[in-house]
> 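Let me begin by handing over the structure; questions about it come next.
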Amino acid sequence: MTDINKIVKSAMTTILALTTVSTLADTANGVTAERMEKCYGIVKTAMNDCQTATQSCAGSSTKDRQTDAFIFLPKGTCDKIVGGNLMPVTEGKSK
């Protein structure tokens with residue numbers, strides 16, 4: 001196995017392990033779907049959790065703070081973030 005293959009395999013294993021640990025930690029801490037909310041307008045480019053009005057998959061936002069792109073946060077957190085909205089807003093308008 002070449003060095004590059006070892007690096008890629010190691011990186012993929014690390015990502016899988018971190019994802020599993022993160023999911024288990026969230027479950028252990030009681031972070032479930034019922035305790036989460038969509039927070040629009042605060043996402044970095046390509047870091048959204050799900051579809052937007054114009055895109056059909058996660059990671060598809062095309063600019064920072066895209067108003068129709070959201071990430072899931074624990075309930076009550078979005079209202080504490082400047083620019084965060086619980087509903088998508090029309091470009092140029094905010095809550």
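Worth saying up front: this structure is predicted, and the values here are computed from it rather than measured.
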> If you round to the nearest 0.5 Å, how far is CG of Asp68 from CG of Asn85?
11.5 Å
> Nearest 0.5 Å, what's the CD-OG1 distance between Glu37 and Thr77?
6.5 Å
> In the structure I gave you, are the side-chain heavy atoms of Asp64 and Ile42 within less than 4.5 Å of one another anywhere?
no
> For the residue pair Cys39 and Gly84, what are the closest heavy atoms and their distance?
SG-CA, 3.8 Å
> Any donor-acceptor pair under 3.5 Å linking the side chain of Gln66 with the backbone of Gly41?
no
> If I compare all heavy atoms of Met36 with all of Lys75, which pair ends up nearest, and what's the gap?
O-CE, 3.4 Å
> Mind checking whether Cys78 and Leu86 have side chains closer than 4.5 Å, heavy atoms only?
yes
> Determine the minimum heavy-atom distance between Tyr40 and Met87, stating which atoms define it.
CD1-C, 3.5 Å
